[in-house]
Every structure is written in C-alpha cells, then in structure tokens.
Amino acid sequence: MPLALLALAVGAFGIGTTEFVMMGLLPDVADDLGISIPSAGHLVSAYALGVVVGAPLLAAVTARMSRRTVLIGLMGLFVAGNALSALAPDNGWLLAARFLSGLPHGAFFGVGAVVATNMVAPERRARSVSLMFLGLTVANVAGVPAATLMGQHFGWRATFLGVSAIGLAAIAALALLIPHDHEHATAQGLRGELAALRSVPVWLSLGTTVAGFGALFAAYSYITPMLTDAAGYAGASVTLLLALFGVGATAGNLLGGRLADHSLRGTLYGGLISLVAVLALFPLLMRTQPTAALGVTLLGMAAFTTGSPLQLMVMEKASSAPSLASSANQAAFNLANAGGAWIGGLALAAGFGATSPALAGAALAVLGLGVASLAQAVDRRRAPVAGRERVVAGHVPQEAEAVRH
C-alpha cells in the first residue's frame, strides 16, 4: 500500500478526535462559559451541521481543482476552525468555530477516498479506503481519550490547540506524501458532478448508509446509560469500555476493507446482518459486565465492517463524479448520527427500558438490509438495459457479427 495513505490517515485521526472529544469536554466547557450542559450540547450539533453542509458544498465548488490542493486546503480550514475554537471568547463564537471545524470533514473523507482508490490496483480499492478510515477508528481508541485527559488537566482550550497541531502535521504529510500526479484538475466540473447525483442507485446507496449507521448511533448514543443502568458498571469505567468500542471498530474497518475487495455487496450484507444480530442480543449481553464489554466491542466491529463497502459502493454508482458522491456519503453518515440518536431517544423516552435503543437500532439495520436489497434489484434490472444500449450504440447486429467471425 502507498505510504501516501498514511497522510490521509493522519488527517482522519485529527478529524475523528475533534468530532468526538466534545462529548467528554461538555461539563468543562459549560462551566468555563457559564452555560448549561444542554446548551453546551449544541456544540456537538453545530459540528454535525457543518459536516452535512460542507461535505457536498465544498466537494462541488472544488470539482475542477487539484485533489492534492483540495486536501491540503481542507486541512487548513480544519486547523483554522479548531484554533478559533480554542480562542473563542463566548458560546456564540464557539458555536461558529465548531461549525467551521465541521465544514471540511466530509469533503476530506470524500476526496481522500477518491485519491486513495486511485493510488492502488482495482483489487485493493476497498482496503485503501479502510486504511484511510483507520485514522478515524484509532482516534476513538487513543485520540479522544488523550485529548479528553488533556482538556481535564490543562483546560478544554488546550485540547483544541492540540488538535490544531495534529492538523498541521497532516498538512505536512499531505504535501510530502501525496503524489504530484494528483495535481491535475478533474474533467467533470460542477455541472457534471451534480448530474451524477440524479442516479437512483446513488441515492439507494446513500439510503443504505443512513439506515445502516443510523442503527449504530441509535444504540451508541445511549451506550453510557446501558452500561451503568443495565450492566451495572460504574461511571468511571465507561471511558475504558468506549475504548473497547474503538478497538472493535478498528478491527471491523480493516476486516471490511479486506473482504470487500473480494465481494463488495457480500461484505455489506454480512456486516448489516451481523449488526442486526448484535443489536438484537444487546438486552441479553447487558445483563452481565463481561458480556456487556463483549457487546460493545462487537457493536463497533459489526458497524464498521460496512464502512468501506458503503463508501466504495457510492463511488462506483457515481463513477463520473466520485468526489461529490463520496462526500455526500459522509453527510449521510452524519444524518445517520442525528437520526439514529433521535430514534433511539424515542424508544428510551417511551419507557421501553435502558436497552430499548439497541432494539430500535436493530430495526434500522433491518431497514438498511431492505434498502441494500432494493439497490441490488435495481442494478439487476438496469444491467440488461445497459447491455442493449451498448449493442445499439455499436450498431453491430447479431447476424452481422456472426458473419464477421
């Protein structure tokens, strides 16, 4: 695998760290700025909104720019957003800075996935995407806990300065390691990129992402009350258990990338079926502490097995505009985050018990399987039509072809 994938992974590590570290810093931020914790929670939403807005927008407006330049520019915007977060004088400024920090997130992963797949042989495309995503999953194991400890000991502003330093390291790595043959502009331009999003298979692939990862976030958003109220863990143990989730996510991401290079759709189905099974078993797994720890690990593994296949599938369905489609898939991930958390919260608010968000997640994973199956059915119906169109375009009647040979 090209060393340049390391540069993409460093950027992904910084992005993953800043995305999730705010959850652990909310009490410190609230105390320092004199706001309530629910108000501080809007900082999480501001980042997610930045991702949803920035992913397709930045990918579209940079469609004719060098992908190497775009990646470096996006990390520059990432550094600026985190530095401004560290310097924010009040909650309003911090909200704006967190929104700014989220803007490059989706476009970086989207454009980065295109660059990663272009640097390897076709049979290693999914694996290259998984290695870029490795930075995101490792951030949950090491980056977020370390950044949280930094914030608790040196203040939350120090955390965002530290993340900015990671961004600067990523810029240096991108400038040094991304090949210069990615400096040419893409041929499509904005109109061509937008036209590719009118494809039904693209939207079905995005729908699979929303439902599949919505299943994860329906459960993961409420993993702390499950571990404390159902499994009986002390609150201090939750950080270690969340690191186990990151370990599972890292293993699932690498496994999914390797398997998807052999069978893209088979890996997607296998991951979604595994996710249904794990979430359906959560009420049983949360009855004892050892099985609860196992359940958290398996949840990360099952969910992130589908990450690379979903990313690659969207890119293949929009082969004429992979950057925009790939970035739109990152927006879909964040819609899944918000929608899954909302659905899981509805189950919890309805009084169905601490583990009910996991069952709601299982239902969403079944929906994801249904959308993926519909996408496959559409592909099968379109394949004969595409074949006939190629014959007509070639003007080679079957009888004439037989005479020729």
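One is the number of the first residue; the rest follow in order along the sequence.
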query: Between Gln330 and Val51, is there a donor-acceptor pair closer than 3.5 Å when you use the side chain of the first and the backbone of the second?
result: no
Atom pair [atom1] ([X]) and [atom2] ([Y]), whose distance is rounded to the nearest 0.5 Å:
X      : Y      : atom1 : atom2 : result
Ile72  : Leu174 : CD1   : CG    : 6.0 Å
Asn140 : Leu244 : CG    : CG    : 12.0 Å
Phe217 : Tyr222 : CZ    : OH    : 12.5 Å
Asp261 : Ser130 : CG    : OG    : 7.5 Å
Asn82  : Phe78  : CG    : CZ    : 4.5 Å
Leu242 : Leu227 : CG    : CG    : 7.0 Å

- prompt: Taking all atoms of both residues into account, what is the closest heavy-atom pair of Gly232 and Gln289, and its distance?
  reply: O-NE2, 3.0 Å
- prompt: Among all residues two or more places apart in sequence or in another chain, which pass the salt bridge (charged side-chain N to carboxylate O under 4.0 Å, His left out) test with Arg265?
  reply: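 In terms of salt bridge (charged side-chain N to carboxylate O under 4.0 Å, His left out), with neighbours along the sequence ignored, Arg265 is linked to Asp379.
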So, do [X] and [Y] sit near enough that their side-chain heavy atoms are less than 4.5 Å apart?
X      : Y      : result
Thr18  : Arg98  : yes
Glu19  : Leu136 : yes
Thr297 : Leu241 : no
Leu310 : Leu206 : no
Trp203 : Thr208 : no
Asn253 : Thr305 : no
Ser327 : Leu58  : no

task: Could you label the plane-to-plane angle of the Phe109 and Phe133 rings as parallel, tilted or perpendicular, counting under 30° as parallel and over 60° as perpendicular?
output: tilted
- request: Take the angle between the ring planes of Phe160 and Trp156 and call it parallel below 30°, perpendicular above 60°, tilted in between.
  value: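 Phe160 vs Trp156 ring planes: perpendicular.
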task: Starting from the C-alpha separation in whole Å, work towards a yes-or-no answer on side chain to side chain donor-acceptor pair (under 3.5 Å) for Thr291 and Thr288.
output: CA-CA 6 Å; Thr291 55; Thr288 69; 2.5 Å; yes
task: May I have the step-by-step check of ring-ring contact (aromatic ring centres under 6.0 Å, His included) for Tyr220 and Phe245, ending in yes or no?
output: CA-CA 9 Å; Tyr220 187 67; Phe245 173 86; 4.2 Å; yes
message: So that I know where these two stand, are Phe99 and Tyr47 an aromatic pair - ring centroids less than 6.0 Å apart?
response: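 No: the rings miss the under 6.0 Å criterion.
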Full working for side-chain contact (heavy atoms from CB on, under 4.5 Å) between Ser128 and Leu5: CA-CA 7 Å; Ser128 71; Leu5 292 176; 4.1 Å; yes
query: Taking 4.0 angstrom as the limit, do Arg125 and Glu316 come out as a salt bridge?
result: yes
task: Check the surroundings of atom NE2 in His153: do more than 12 heavy atoms from other residues, nucleotides or ligands lie under 6.0 Å from it?
output: no
